[in-house]
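In what follows, chains carry the letters A, B, and so on, assigned in the order in which the sequence lines appear, proteins first and then strands, with residues in each chain numbered from 1. We use all heavy atoms of the structure for the numbers below, so side chains are in, but hydrogens, waters and symmetry mates are not. Here the structure is a predicted model, which means the values were calculated and not measured.
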Number of protein chains: 2
Amino acid sequence: MSINPNVAVVASLLGETSRSTMLSSLMDGRFHTASELAFMSAITPQTASFHLSKLVEGNLINVEKHGRHRYYQLANKEVAHLIETFLAISPPPEVRSLKQSNQVKLLQEARTCYDHLAGKLGVALTNSMLNANYLKKEDRVFIVTLKGEQFFTDFGIDLTELKRKRRSFSHACLDWSERHYHLGGALGNGLLTHFFELNWIVHVPSIRAVKVTDRGREGFKQIFNINM
Amino acid sequence: MSINPNVAVVASLLGETSRSTMLSSLMDGRFHTASELAFMSAITPQTASFHLSKLVEGNLINVEKHGRHRYYQLANKEVAHLIETFLAISPPPEVRSLKQSNQVKLLQEARTCYDHLAGKLGVALTNSMLNANYLKKEDRVFIVTLKGEQFFTDFGIDLTELKRKRRSFSHACLDWSERHYHLGGALGNGLLTHFFELNWIVHVPSIRAVKVTDRGREGFKQIFNINM
DNA sequence: TCTATACTTCAACTATAATCGAAATATAAA
DNA sequence: TTTATATTTCGATTATAGTTGAAGTATAGA
């Protein structure tokens, strides 16, 4: 006689290692095919198919058919937020192989969290903008100061455009590896997109880590006073 | 080879109906004994004991021994936040009995969410304070205006005392029944406590609903312009 | 048309988690 | 000390979810 909305239904979808690994893989905000997801969670395509259909049925992910491929994506940012909440509370994974420990290091260094920047780089960037008085932290959001408005505009980011989007503008997202807040929301996404455009960062294949390019190293130093 | 902190470990604890029911019951922020929790989730004491020890081991709840009773409590507000995030995303429960549907109605009307007010009353209260310009919503937090500071002080709430507490001061908490934000954090807790002190609301036994007293009906009308 | 690839469906197997009766422990009260 | 209550531990049962091999469907390309 559960009185509450059925928490267990959704939680049991996340409570299985293969499925949670797939969802974590989708946290980079990009599309992935069924076979990619099967490989990442080390199960056969049959098993992946079984799990993916459960996740679709539970409205945690979406599918798009393109030819013989099926592209999967997180259903919405509520789901991403739910998973990130978990990451902040869950025990760290046991490290088994050298490769894995390197991947963990890469992810800790810099990664995407749904659609904005996280990891050491994400936190350093956020702190840098706080120090420079571009942002002010107010509980669970960051407020853009007057100085900040000038800065973002100069840096090539259209704030009015971002504010029009029907989503959180600048919320503080808790970082599971750094245990610090970093900038999320439309503004966080705007910055991430701009860093890709400027070629300051590139994707690391198969995991959601990003790598800082030489140009990026220079840029982050000059504009944000961050030494990589 | 999961690279991320192990989401599945925590999620699988929540992914079982008896356990999630217990955790939902603990969302009223109060202590409950093992037998109470067993009764609420309609399982035998043996089974409850089994589940509770798993939840303690997983750091989702705490125990305190007092005589032959064991008092359980949510471990921290991160756990409460996680569960509320779930409630916002999970499908609504199937209604089976008249009693249950009445309980759902009571919960929708007014309930505690961890340690602050939620449900229709919680949302109405928050909206009232927004309309009166005591609060201003900024993304995921509420900011207390100058007018608001005056109001809260006059109403008998010590803001400086609340701000000293090492917790979020006034975050916006998404309401699963109303699908609207209501006031949480230390300020939300301060208000709830004060309503109890003023005898405006009383606990409804065995569920986390609260009932508005006659005095409360008058008070909410006069001070917050809310008709119950 | 034929072949390779991406993915799903079906059926069978296996492992494991939830459940509860019975018995044990621990405390409170009489 | 005895009795009642709260809770845990143990052992056995049952149900179910995850897994994969085999076979089928759908699409792309030669």
Point to revise | Interatomic distance, B:Lys65 NZ vs D:dA6 C1' [rounded to whole Å] | key: 11 Å
**Study point:** Any side-chain heavy-atom pair of B:Leu13 and B:Arg19 under 4.5 Å
**Key:** yes
**Study point:** Under 3.5 Å donor-acceptor, B:Ser25 side chain and B:Thr21 backbone
**Key:** yes
With 3.5 Å as the limit, what N/O pairs link the protein to nucleotides 8-10 of chain D?
| from | atom 1 | to | atom 2 | distance (Å) |
| --- | --- | --- | --- | --- |
| D:dT8 | OP1 | B:Tyr72 | OH | 3.2 |
| D:dT8 | OP2 | B:Ser49 | OG | 2.7 |
| D:dT8 | O5' | B:Ser49 | OG | 3.1 |

Check your understanding: Taking CD1 from B:Ile43 and C1' from D:dA15, how many angstroms apart are they, rounded to a whole number?
Key -> 17 Å
Point to revise | N or O in side chain of A:Lys54 less than 4.0 angstrom from D:dA17 OP1/OP2 | key: no
Exercise for review: Could you state the atom-to-atom distance from CD of B:Glu36 to C1' of D:dT5 in whole Å?
Suggested key: 14 Å
Practice item. Calculate the interatomic distance between A:Leu13 atom CG and D:dT16 atom P; express it in whole Å. Key: 17 Å
Revision key, fill the gap. Those residues at least two apart in sequence (or on a different chain) that pass side chain to side chain contact (heavy atoms under 4.5 Å, CB included) with B:Thr33 are B:Ser35, B:Glu36, B:His69, B:Tyr71
Check your understanding: Quick one: does A:Asp214's side chain have a donor or acceptor within less than 3.5 Å of a partner on A:Arg217's backbone?
Key -> no
Check your understanding: Between B:His69 (NE2) and C:dA28 (P), how many Å, whole number?
Key -> 9 Å
Exercise for review: May I ask you to decide if A:Phe142's main-chain N or O and A:Ser170's side chain share a donor-acceptor pair within less than 3.5 Å?
Suggested key: yes
Point to revise | Distance below 4.0 Å between B:Thr47 side-chain N/O and C:dA18 OP1 or OP2 | key: no
**Study point:** Below 4.0 Å: OP1/OP2 of C:dT19 and any side-chain N or O of B:Ser18
**Key:** yes
Revision key, fill the gap. Between CZ of B:Arg68 and C1' of D:dT3 the distance, given in whole Å, is 10 Å
Review point. Can you name the residues that form a side-chain hydrogen bond (donor to acceptor under 3.5 Å, both in side chains) with A:Ser53, not counting sequence neighbours?
Key: none
